[in-house]
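For reference, the structure discussed in these notes is given below.
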Number of protein chains: 2
Amino acid sequence: MADRPYTAVIDRLREVGLRPTRQRLALARLLFDTGDRHVTAEQLHGEAVTTGISVSLATVYNTLHQFTESGLLREVVVEAGRSYFDTNIANHHHFFETKSGHLIDIPADQVTIGSLPTAPNGAEIEQVDLIIRVRRRA
Amino acid sequence: MADRPYTAVIDRLREVGLRPTRQRLALARLLFDTGDRHVTAEQLHGEAVTTGISVSLATVYNTLHQFTESGLLREVVVEAGRSYFDTNIANHHHFFETKSGHLIDIPADQVTIGSLPTAPNGAEIEQVDLIIRVRRRA
DNA sequence: AACTGATCTAGAACAATTCTAAAAACCTTG
DNA sequence: CAAGGTTTTTAGAATTGTTCTAGATCAGTT
Ligand SMILES: [Mn+2]
Ligand SMILES: [Mn+2]
Ligand SMILES: [Zn+2]
Ligand SMILES: [Zn+2]
């Protein structure tokens with residue numbers, strides 16, 4: 001990843017059928033080049049701008065949704081007015097720190113969910129979200 | 001509950017320190033007189049208006065939040081742009097039908113969550129939300 | 001009935017997100 | 001390597017759900 005740092009990301013986008021445009025590549029690097037993260041659209045847009053990447057907020061939204069539909073990201077809903085996007089697409093759960101709005105991963109093997117009820121009326125389970133809301137003590 | 005249908009609701013509001021005003025009583029009856037329900041503010045406002053109850057949307061929001069703070073309701077977050085209020089305050093979980101936006105209760109005893117990880121860094125667990133997202137098959 | 005704080009209200013304001021339609025970029029083809 | 005068709009990006013307007021504001025109304029007390 002030293003002198004051709006984009007090839008991996010380019011391939012990844014091609015695999016899911018998304019053209020590797022300048023803004024998708026830049027956003028992908030912000031998202032995937034460091035470890036797992038949980039970001040909102042405005043956060044990511046802020047980072048891009050700070051990093052000197054010129055990209056519109058509309059494109060950030062478009063890209064986050066495209067990445068989510070392609071399985072590169074997962075959307076986590078914990079607050080009514082805000083969407084988080086999670087670069088960790090492995091099966092896992094979350095602590096949500098109500099006050100700060102921080103999400104913390106819980107590896108799937110640290111939680112045992114047994115005996116799930118069957119989905120109602122021939123519906124199909126898409127995802128199981130476990131969110132543990134915590135409050136930091138004063 | 002036949003000829004003095006409001007006394008039960010009045011007492012319930014008094015217990016949590018909320019004055020039994022005309023609009024709070026009317027909304028409480030819409031919420032609690034039939035079985036358990038999951039409603040949004042605008043849904044409830046619509047119902048009130050349809051039933052001939054004159055109440056502003058701001059009051060519906062105020063009331064839902066006051067009821068939630070008082071423990072008469074519980075808020076359920078499943079979609080980024082919308083808040084559901086749940087009249088079932090017993091410990092339980094939810095199916096969420098993505099397409100229709102319907103919530104279906106899962107009694108707590110139908111799910112086994114074992115071995116929860118300890119909350120991070122001296123934080124305190126406030127609530128454990130399990131949401132099973134389902135898609136109805138065509 | 002008068003008083004006083006609580007509550008209600010219309011409408012403005014707000015925050016996050018989505019939409020629009022025109023410009024720019026991308027990729028294939030000639 | 002230019003032209004052409006398609007996809008993508010963009011600024012700004014629009015939309016949605018919710019919250020705020022400040023004046024009017026109401027509930028409970030005297
Ligand atoms: Mn945000
Ligand atoms: Mn709604
Ligand atoms: Zn995560
Ligand atoms: Zn419920």
Side-chain angles (χ1 to χ4, degrees), chain A residues 6-7 9-11 13-30 38-49 51-70 72-73 75-85 101 103, chain B residues 6-7 9-30 38-49 52-70 72-73 75-85 101 103:
Chain A
Y6 281 98
T7 46
V9 176
I10 289 176
D11 291 347
L13 292 184
R14 284 247 168 76
E15 270 167 32
V16 299
L18 291 173
R19 280 192 189 175
T21 63
R22 186 164 19 83
Q23 15 299 60
R24 292 210 269 234
L25 287 172
L27 294 174
R29 300 201 68 190
L30 287 176
H38 306 101
V39 293
T40 66
E42 315 224 352
Q43 262 171 40
L44 185 60
H45 181 244
E47 281 182 32
V49 169
T51 318
I53 297 157
S54 164
V55 59
S56 75
L57 184 56
T59 295
V60 173
Y61 274 105
N62 289 341
T63 302
L64 287 172
H65 287 138
Q66 291 155 353
F67 282 12
T68 302
E69 278 157 34
S70 308
L72 265 32
L73 289 176
E75 193 173 351
V76 183
V77 179
V78 280
E79 278 188 313
R82 207 180 297 285
S83 255
Y84 288 80
F85 294 87
L103 277 169
Chain B
Y6 280 98
T7 47
V9 177
I10 290 175
D11 290 347
R12 200 143 173 220
L13 291 184
R14 285 244 168 77
E15 271 167 32
V16 298
L18 292 173
R19 281 193 188 174
T21 63
R22 185 164 19 83
Q23 19 291 50
R24 291 211 270 235
L25 288 172
L27 293 175
R29 299 202 68 190
L30 286 176
H38 306 100
V39 292
T40 66
E42 316 226 349
Q43 260 173 41
L44 184 61
H45 182 246
E47 282 181 31
V49 168
I53 298 158
S54 164
V55 60
S56 75
L57 184 56
T59 295
V60 173
Y61 273 104
N62 289 341
T63 302
L64 287 172
H65 288 139
Q66 292 155 355
F67 283 11
T68 302
E69 278 156 33
S70 308
L72 264 36
L73 289 178
E75 193 172 350
V76 184
V77 179
V78 279
E79 277 189 313
R82 207 180 297 283
S83 256
Y84 288 81
F85 293 87
L103 279 168

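Within every chain, numbering begins at 1; the chains are lettered A, B, ... in the order of the sequence lines, protein sequences first and strands thereafter. It should be emphasised that the depicted structure is a prediction, and the values quoted were computed from it without experimental measurement. Hydrogens, waters and symmetry mates are skipped; everything else that's a heavy atom, side chains included, is used.
Taking atom CG of A:L13 as the reference point, atom C1' of C:dA25 lies 16 Å away to the nearest angstrom. Rounded to an integer number of Å, the gap from CZ of A:R82 to C1' of C:dT18 is 17 Å. A:F85 has its CZ atom 11 Å from the C1' atom of C:dA16, to the nearest Å. Across the protein-nucleic acid pair, B:E79 atom CD and C:dT17 atom P stand 13 Å apart, rounded to whole Å. Between the P atom of D:dC26 and the CG atom of B:L25 lies a distance of 15 Å, rounded to the nearest Å. Regarding B:H45, its NE2 atom lies at a distance of 14 Å from the C1' atom of D:dG17, rounded to whole Å.
Put simply, A:Y61 has a side-chain N or O that comes within less than 4.0 Å of OP1 or OP2 on C:dT17. Contact annotation: A:H65 side-chain N/O to C:dT17 OP1/OP2 distance is not under 4.0 Å.
For B:F85, the ring pair (Phe, Tyr, Trp, His ring centres under 6.0 Å) partners two or more places apart in sequence, or in a different chain, are B:H65. Residues meeting the side chain to side chain contact (heavy atoms under 4.5 Å, CB included) test with B:V49, sequence neighbours left out: B:H45. Every side chain to side chain donor-acceptor pair (under 3.5 Å) that B:Q66 has, sequence neighbours left out, goes to B:R24. For the salt bridge (Lys or Arg N to Asp or Glu O under 4.0 Å) test, residues two or more places apart in sequence or in another chain that qualify with A:E79 are A:R82.
Both B:R14 and B:Y84 sit near DNA chain D, but only B:Y84 has its closest nucleotide nearer the 5' end.
The two residues B:A41 and B:V60 make their nearest non-hydrogen contact at O-CG1, 3.5 Å.
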Name each donor-acceptor pair under 3.5 Å that joins a side chain in residues 52-59 of chain B to protein atoms two or more places apart or in another chain, with its distance.
from	atom 1	to	atom 2	distance (Å)
B:S56	OG	B:T59	N	3.1
B:S56	OG	B:T59	OG1	3.1

* Structure fact -> Readout for nucleotides 7-14 of chain D: B = base within 4.0 Å of protein heavy atom, S = sugar-phosphate only, - = neither; 5' to 3' it is SSSBB---
